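Okay, structure first, notes after.
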Amino acid sequence: MLNLILFGPPGAGKGTQSEKIIAQYKLIHLSTGDLLRSEIQGGTELGLRAKTLMDQGLLVPDEVVIGMIDNKLKEHKGCPGFIFDGFPRTVAQSEALDALLATYGESISVMVALVVDDNELLARLLNRGKTSGRPDDQNEALISKRIHEYNSKTKPVADYYQAQGKYIAINGIGEIEKIFEGITEAIEQA
Ligand code: AMP
């Protein structure tokens, strides 16, 4: 299996690049943000609880997203691999993911990180907010809060996979095709 973590702050281009990776490698896309948004749309209790935190730009509890990932791994057993987008976002989530994959005799193949500076992220997210309809893309204070959450809680996830020799960083600014080329090179090396 090819199990890829597409890593990077909000607005780094993970969603855009995920679509291209999936088309090429036939992986199952697991975006915890998308899964949470569909819980919200479905009006589930989990969705209602998550919404309060998401609307403040805060992370939802580890056990919530780990449980969702656990279900999806079971559902797609035997697929060619997974692309994890927006997950893991804490070291505890990384440890849980490694343990879950190990129960299937699997592991993360590579983490590809899209590197984009904070000013560019803010500009991109404000722009995306004009059309995305996402409440958390609508104002500067909320976007800054999400970037802050990323810098304080999520960045250590990169060190965690770097220690396993699985971390590859790619410049996330520039042409979409060029960035995708960098990602495919990283995947081929994995
Ligand atoms: P995203 O679509 O990845 O930008 O996620 C939107 C929001 O969903 C985040 O700001 C968090 O509130 C929540 N979220 C998504 N994925 C996770 C995760 N792995 N851990 C905790 N919270 C998450």
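Just so we're clear, the structure is a prediction, and the values are computed from it rather than from any experiment. In listed order, ligands and their atoms are each counted from 1. Side-chain atoms are counted along with the backbone in the values below, which use heavy atoms only and exclude waters and symmetry mates.
Here the heavy atom of the protein found nearest to atom 16 (N) of ligand 1 is Thr32 OG1, 2.8 Å. With hydrogens left out, the protein atom closest to atom 20 (N) of ligand 1 is Gln93 NE2, 3.0 Å, a heavy atom. For atom 14 (N) of ligand 1, the closest non-hydrogen atom on the protein side is Leu36 CD1, 3.5 Å. For atom 8 (O) of ligand 1, the nearest non-hydrogen atom of the protein is Met54 CE, 3.3 Å.
From Leu30, atom CG reaches atom CD1 of Ile83 across 9.5 Å, with rounding to the nearest 0.5 Å.
Any N or O atom pair closer than 3.5 Å counts here, and Gly86 shares at least one such pair with ligand 1. Considering backbone and side-chain N/O atoms, Asp34 never comes within less than 3.5 Å of an N/O atom of ligand 1. Between Arg89 and ligand 1, an N or O atom pair is found at a separation short of 3.5 Å.
Following chains of ILVMFWY side-chain contacts shorter than 4.5 Å, one can reach Phe87 starting from Ile28, so the two form part of one hydrophobic cluster. Ile179 and Val116 end up in different hydrophobic clusters when Ile, Leu, Val, Met, Phe, Trp and Tyr side chains are linked at under 4.5 Å. Leu46 and Ile69 fall within a single hydrophobic cluster, where Ile, Leu, Val, Met, Phe, Trp and Tyr side chains are chained together by heavy-atom contacts under 4.5 Å.
Of the candidates Arg134, Arg146, Lys51, the one placing a heavy atom closest to atom 6 (C) of ligand 1 is Arg134.
The existence of a salt bridge linking Arg89 and Glu149 is excluded, since no basic side-chain nitrogen approaches an acidic carboxylate oxygen closer than 4.0 Å. For Arg146 and Asp137, the salt-bridge test passes: some basic side-chain N is under 4.0 Å from an acidic carboxylate O.
At a heavy-atom distance under 4.0 Å, no atom of Glu149 approaches ligand 1. The side chain of Val65, and not its backbone, has at least one atom closer than 4.0 Å to an atom of ligand 1 (non-hydrogen atoms only; side chain from C-beta on). Residue Gln56 does not touch ligand 1, judged by heavy-atom distances below 4.0 Å. Counting heavy atoms closer than 4.0 Å to ligand 1, residue Val60 contributes atoms from both its backbone and its side chain.
More than 12 heavy atoms of other shown residues, nucleotides or ligands fall within 6.0 angstrom of atom CD in Gln56.
Close approach of ligand 1 to Arg37 (heavy-atom distance below 4.0 Å) involves ligand atoms 2 (O), 6 (C).
In this structure, Tyr150 has its ring center closer than 6.0 angstrom to the ring center of Phe7.
For the pair Leu125/Glu120, no side-chain contact is recorded, criterion being any heavy-atom separation below 4.5 Å from C-beta on.
Without hydrogens or angle criteria, Asn3 side chain to Phe82 main chain gives a donor-acceptor distance under 3.5 Å.
Within the 4.0 Å heavy-atom cutoff, Lys14 does not count among the residues contacting ligand 1. Residue contacts with ligand 1: Leu58 is included, with a non-hydrogen atom under 4.0 Å away.
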